[in-house]
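What you are looking at is a predicted structure, and each value in this text was computed from that prediction instead of being measured.
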Amino acid sequence: MSTITLDSKVPSGPIEDRWTSHQFNMKLVNPANKRKFTVLVVGTGLAGAAAAATLAQLGYQVKCFTFHDSPRRAHSIAAQGGINGAKNYKNDGDSVHRLFYDTVKGGDFRSRESNVHRLAEVSVNIIDQCVAQGVPFAREYGGLLDNRSFGGAQVSRTFYARGQTGQQLLLGAYQALMQQVSLGNVELHTKTELLDVVTKDGVAAGIVTRNLVTGDIRSWAGHATLLCTGGYGNAFYLSTNAMNSNVTASWRAHKKGALFANPCYTQIHPTCIPASDEFQSKLTLMSESLRNDGRIWVPKQFDDNRAPENIPEEDRDYFLERKYPSFGNLAPRDIASRNAKQVVDEGRGVGPIKNGVYLDFAESIGRLGENVVFERYGNLFDMYERITDEDPMKMPMRIYPASHYTMGGLWVDYNLMTNIPGLYALGEANFSDHGANRLGASALMQGLADGYFVAPNTIGDYLSGLLGKTPVGTDDPAFSTSVAAVQDDMRRWIAVGGTKSPEYYHRELGKIVWDYCGMTRDKNGLEKALSEIPALREEFEKNVRVLGSPEGINQSLEKVGRVADFFELGELMCRDALMREESCGGHFRVEHQTEEGEAKRDDANFSFVGAWKWEGTGTTSTLHKEPLVFESVKPVERSYK
Amino acid sequence: MNLTLKVWRQSGPTDPGHFETYEATDVKDEMSFLEMLDLVNENLIADGHEPITFDSDCREGICGTCGLMINGQAHGPQKGTTTCQLHMRKFHDGETVTIEPWRAAAFPVLKDLMVDRSAFDAIIQSGGFITADTGGPRDANEILIPKIAVDSAMDAAACIGCGACVAACPNGAAQLFTSAKLAHLNLLPQGQAERWKRTEDMVETMEMFFGSCTNYGECQEACPKEIPIDFIAMMNRDFLKSKLKNRKLQGQR
Ligand SMILES: Cc1cc2nc3c(=O)[nH]c(=O)nc-3n(C[C@H](O)[C@H](O)[C@H](O)COP(=O)(O)OP(=O)(O)OC[C@H]3O[C@@H](n4cnc5c(N)ncnc54)[C@H](O)[C@@H]3O)c2cc1C
Ligand code: SF4
Ligand code: FES
């Protein structure tokens, strides 16, 4: 077992000055030298497109990769609600410090203070940048920007573009990227999937990719590599993530030595449309704003088969209002989710397969009138009706929690560099800013912060040390062995010749991870998962069926490698959840709750980042701890009673 | 319900392609169209046949990845709905459903139902942006934008780049897509400095790849985001002016 010291490289001094002084203290690369450096950017979501465009503007030679057919299709496109920025345009007492405080507290004191402060600082620049690019954020009649409040924050700091904020932010970044492509500063490779990260003497040398159209396996060398490849929510199979989102890039980096931090920190969103059958391919999120006017309930009796309108008031259980009188239906995401799970597990779920709870607008329609309610939520109601064929104006919606976001990810230091020199992780792919729970409208903020403002600055500090040194060429054995291994993998999967599709195994794996490492976790369940996952993986490796050839388009072949990585990740998620003998944020261990059933943190023993090192297939990963220090915000217990 | 599917199969760009007939059995009303195809694919794999290649990602109508010709209609029979959001309750038991890829000269078929839409990226690359390098901008509220202007810009910016407009057009023209991006940027104060150059460059690039518009209006009908053809009129006006304006801006008369 090797020893690794996790140096977070957090600057010293007052927290307000750290980012500014760090920017001053970092070494720079002068403009003429920038073009001597090649930077590989993998992923074109908010983090990747923003980073690639900005690095190219600065003068670096950028090569950019995405498995999508166009950068504009990255999963970021689907974000609906909005993006936070500490502008205090509403004069309601917001500030950089308050956003910082809310994020640290929201993360249940499991994030790195200095990173979060920097995020809050640059949040204001993000809004300026996006507006300059032409992002059509909602405006008031006077022409000023409008804001809404989001995710339980007490101030209005969320900027939005209808229900399509992610789309508009991504188009802004995509357009900036395409401009750099047209100027010849970025070489763009679409339909190109990273399948390995190459290191030489422990330092990042480049990547190996597969062209998804031709099947061609190729090496790319770079002075630095940025993984901006998104989160791993699809480990659960059913999630609100896009179908193709996967952990492969992060995982292959992990297997080359990059530590994976806090894999058990996953976020479940309470308001999604419940699955309808076995063949459900993904789940659709319904905006959280619905909880402002909808009341959540289930029948009091078990197996109550009456239609909702035939269930009288006295037979209904408004369980959130009952248990959390002050927050009621607006209780935080994790609490709302766990309570829904509890009533469904008790057998009081609603809908054809009794897997949801009602979200009822009847009372609001009575109070506000049909028009007001429809004006507020009409577009969401239409979307719901398209999927379920039920009209929420006439009957209650059915909702159930689903996997939505992953706070864990590759371990990075303050510069967003992993423990492999020259390898960076940005956006949802890293672990750094949200601790054990992410606040609404903060993922878009973090992706753009990392991409526009952080990595383009911090990368110079590393690259300046490489001036005059020739990078490892793609003819180096480090690359050729990796290419050979990837090619072997392709042939091996096709050679298995089993009976079941990769999709089948993904679905089965997802069930285990969801049941034992989902909304609630306990020792027995996690231990069970840790024996079931390897057994299923063994079957998968012997019995999966991938038809076709490694040349040309082969979607089953793309899928099978991703599923293999999810198997290994799923195991690590369970191991991490088992290790963390406390409850915090999205990680709820049944054994660790207060008398009221709330998450009980254990700061004395678990105030650390749990970063895991890959030790080889079949060998248990080893844990490395980065202690968390709280100097500016004192850890307190979360209470929403 | 049970359906008969006539599906376009084409092994690669150079293969002439042909229809195959499949039976889709035990299809549920609640399934989306793509989940129905997932089911067909599972069965094909079980029987040892290569699954049908088709593209999708978000499956909530926003990424623009999916797109099929269903019974000759781009994205199928439901108005304002992408293929991934179309549900099987719109079909009936015993129906025969024909499924083809987008058919347009500018969108070559890569395999089965998957096409190459990179010509759209080429149009954006030629001018579909506002130059604003990271780090320089002034405070976001220093630019006042009338609510109606930003709302119209947003209507245009809602385009998901799916290509249904091109597929539905008898000429394979990309006017709706191009005009939506031009309207988004040309309607905003931030977009004015590059307005005329952007218009000229994007329209000319569009013409390099796509057919020309003869006002069929099929694009608007097919568009899942219901982008109105009014934007095409705006683009045409701007394009006419752009030649003159661009010469004037250069100091030529
Ligand atoms: C339905 C939904 C709604 C949301 N709403 C909000 C919201 O309102 N506010 C908010 O703040 N957050 C929201 N989020 C979260 C937020 O959208 C994401 O966390 C964020 O967009 C992630 O951005 P990213 O750049 O890190 O990654 P992504 O956008 O996921 O991009 C990943 C990129 O990496 C590429 N890639 C991945 N692997 C490889 C590989 N192996 N090889 C090559 N390329 C690869 C992909 O092609 C893609 O380009 C929402 C999420 C969902 C699911
Ligand atoms: S204009 Fe409509 S049909 Fe055309 S690409 Fe955009 S969203 Fe699709
Ligand atoms: S799959 Fe994203 S729009 Fe249909």
Chemist: If you compare all heavy atoms of B:G161 against all heavy atoms of A:R72, which two are closest, and at what distance to 0.1 Å?
Modeler: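 That closest heavy-atom pairing would be N-NH2, 3.5 Å.
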Chemist: Please look at A:V181 and chain B and tell me whether the side chain, the backbone, both or neither of the residue comes under 4.5 angstrom of a heavy atom of that chain.
Modeler: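 Both backbone and side chain.
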Chemist: Nearest heavy-atom pair of A:Q133 and B:I130: which atoms, and what distance?
Modeler: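 Taking every non-hydrogen atom into account, O-CD1, 3.5 Å.
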Chemist: Shortest non-hydrogen contact from B:E42 to A:S501?
Modeler: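 Shortest heavy-atom contact: OE2-OG, 2.8 Å.
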Chemist: With only heavy atoms counted, which part of A:Q129 is less than 4.5 Å from chain B, the side chain, the backbone, both or neither?
Modeler: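 The answer is both parts of A:Q129.
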Chemist: Would you mind checking which part of A:D277 comes under 4.5 Å of any heavy atom in chain B, side chain (CB onward), backbone (N, CA, C, O), both or neither?
Modeler: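 For A:D277, side-chain heavy atoms alone lie under 4.5 Å from chain B.
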Chemist: Could you report the tightest heavy-atom contact between A:S281 and B:D38, atom names first, then the distance?
Modeler: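 In this case the closest contact between A:S281 and B:D38 is CB-OD2, 3.8 Å.
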Chemist: Contact part of A:F159 toward chain B, heavy-atom cut-off under 4.5 Å: side chain, backbone, both or neither?
Modeler: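 Neither part.
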Chemist: Tell me the residues of residues 184-191 of chain A whose non-hydrogen atoms fall below 4.5 Å from those of chain B, in number order.
Modeler: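 If one takes a 4.5 Å heavy-atom cut-off, the residues of residues 184-191 of chain A near chain B are A:K191.
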Chemist: I need the full list of ring pair (Phe, Tyr, Trp, His ring centres under 6.0 Å) pairs touching residues 118-150 of chain B, with sequence neighbours left out, sorted by first then second residue.
Modeler: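 Output for this query lists B:F107-B:F120, B:F120-B:F177, B:F120-B:F210.
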Chemist: Please state whether the side chain, the backbone, both or neither of B:K111 comes within less than 4.5 Å of a heavy atom of chain A.
Modeler: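 For B:K111, the contact with chain A is made by backbone and side chain together.
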Chemist: Short question: side chain of B:R59, backbone of A:K282 - any donor-acceptor pair under 3.5 Å?
Modeler: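 Not at all, since once roles are kept as given, no pair shorter than 3.5 Å links the two residues.
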Chemist: If I measure from the heavy atoms of chain B, does A:L283 come under 4.5 Å with its side chain, its backbone, both, or neither?
Modeler: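 When you check distances to chain B, only backbone atoms of A:L283 fall under 4.5 Å.
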Chemist: Under the salt bridge (Lys or Arg N to Asp or Glu O under 4.0 Å) definition, can you give me all pairs with a residue in residues 122-133 of chain A, not counting sequence neighbours?
Modeler: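 Residue pairs passing salt bridge (Lys or Arg N to Asp or Glu O under 4.0 Å), neighbours aside: A:K87-A:D128.
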Chemist: Where on B:Q78 is there a heavy atom nearer than 4.5 Å to chain A: the side chain, the backbone, both, or neither?
Modeler: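 For B:Q78, side-chain heavy atoms alone lie under 4.5 Å from chain A.
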Chemist: Charged N to carboxylate O under 4.0 angstrom, A:R162 versus B:D155?
Modeler: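 A salt bridge links A:R162 with B:D155.
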Chemist: Looking at B:T131, B:L187, B:N141, which has the largest count of heavy-atom pairs under 4.5 Å with chain A?
Modeler: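 Answer, by heavy-atom pair count under 4.5 Å with chain A: B:N141.
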Chemist: For chain A, which residues from residues 80-88 of chain B lie under 4.5 Å away (heavy-atom distances)?
Modeler: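 If one takes a 4.5 Å heavy-atom cut-off, the residues of residues 80-88 of chain B near chain A are B:G80, B:T81, B:Q85, B:H87.
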Chemist: To check you understand the geometry: which heavy-atom pair defines the closest contact between B:T134 and A:Q57, and what is its length?
Modeler: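 Closest approach of B:T134 to A:Q57, heavy atoms only: N-OE1, 2.9 Å.
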Chemist: Name the one of A:N241, A:I77, A:N244, A:D69 that satisfies side-chain contact (heavy atoms from CB on, under 4.5 Å) with B:D57?
Modeler: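 Checked A:N241, A:I77, A:N244, A:D69 against B:D57; only one passes side-chain contact (heavy atoms from CB on, under 4.5 Å): A:N244.
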Chemist: For the residue pair B:I143 and A:R139, what are the closest heavy atoms and their distance?
Modeler: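 Between these two residues, the closest heavy atoms are O-NH1, 3.0 Å.
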